[in-house]
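Worksheet: one structure, shown below.
FYI, the numbering just counts along the sequence from 1. Please read these numbers as outputs of a predicted model, since none were measured by experiment.
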Amino acid sequence: QVQLVESGGGLVQAGGSLRLSCAASGRTFSNYNMGWSRQAPGKEREFVAGISWSGGLRNYADSVKGRFTISRDNAKNTVYLQMNSLKPEDTAVYYCAAGALVRGISGPYDYWGQGTQVTVSS
């Protein structure tokens, strides 16, 4: 088991930036691929970004490419999502996730955090 706790969400104006953090504990952090997903009201949860155990391989949803950057610091057991040029359609609850290496960096994931709300105003 791995426990994930997200932080950094909040209210931001369109065009602004936020950095989400996800602190992990439990099993060895580097043994997991990490990712971020989001769910907007009335929408299905969607994949946002994933990162391999070493940080060398990253994948992004088309909707966030060029704007969001996922990174990880294994020494700190933390994964980040830097969100720039935010748009109102980015408004959602953002969830951190961890998955076994065999699952791939885009999931499916095995463990989930509680989520953090990101609201982007016009």
- With distance as the sole test, does Arg72 use its side chain to make a donor-acceptor pair with the main-chain N or O of Ser52 at under 3.5 Å? yes
- Heavy atoms only: give me the nearest Leu4-Ala24 pair and the separation to one decimal. CD2-CB, 3.6 Å
- Interatomic distance, CG@Asn59 vs NZ@Lys65, rounded to 0.5 Å, equals 6.5 Å
- Message: Applying a strict under-4.5 Å side-chain criterion to I, L, V, M, F, W and Y, I'd like to know whether Val12 and Leu81 cluster together.
- Response: yes
- Message: Donor-acceptor check, side chain of Thr91 to backbone of Val120, threshold 3.5 angstrom: yes or no?
- Response: yes
- Note on the structure: Looking only at heavy atoms, the pair that brings Ser37 and Tyr109 closest together is OG-CE1, 4.4 Å
- Item | All side chain to side chain donor-acceptor pair (under 3.5 Å) counterparts of Ser17, not counting sequence neighbours | Asn84
- Taken to the nearest 0.5 Å, the spacing of Ile105 CD1 from Leu57 CG works out to 3.5 Å
- Quick one: pull up OG1 in Thr78 and CE in Met34 and give me the separation to the nearest 0.5 Å. 9.0 Å
- Please confirm whether the backbone N or O of Ser54 pairs with a side-chain atom of Asn74, one donor and one acceptor, at under 3.5 Å? no
- How long is the span from the CD atom in Gln114 to the SG atom in Cys96, to the nearest 0.5 Å? 11.5 Å
- Message: When you group the ILVMFWY residues by side-chain heavy-atom contacts below 4.5 Å and let the links chain together, are Trp112 and Val93 in the same group?
- Response: yes
- Query: Taking the side chain from Tyr80 and the backbone from Thr69, do they hold a donor-acceptor pair closer than 3.5 Å?
  - Reply: no
- Message: Please enumerate all residues that pass side chain to side chain donor-acceptor pair (under 3.5 Å) together with Arg45, with sequence neighbours excluded.
- Response: none
- Message: Quick one, Phe68 with Trp36, criterion side-chain contact (heavy atoms from CB on, under 4.5 Å). Give me CA distance, side-chain angles, the key distance, then yes/no.
- Response: CA-CA 11 Å; Phe68 290 11; Trp36 290 92; over 6 Å; no
- Sorted by chain and number, sequence neighbours left out, side chain to side chain donor-acceptor pair (under 3.5 Å) with Arg38 holds for Glu46, Ser63, Asp90, Tyr94
- Correct closest heavy-atom pair for Leu20 and Met83 would be CG-CE, 3.7 Å
- Item | Closest heavy-atom pair and its distance - Ile70, Tyr60 | N-OH, 2.9 Å
- Please report the shortest heavy-atom distance between Gly9 and Val118, naming the atom on each side. CA-CG2, 4.2 Å
- Query: Do you reckon Val79 sits in the same ILVMFWY cluster as Leu18, going by side-chain contacts under 4.5 Å, direct or chained?
  - Reply: yes
- Query: Can you tell me how far CD of Glu6 sits from SG of Cys22, rounded to the nearest 0.5 angstrom?
  - Reply: 5.5 Å
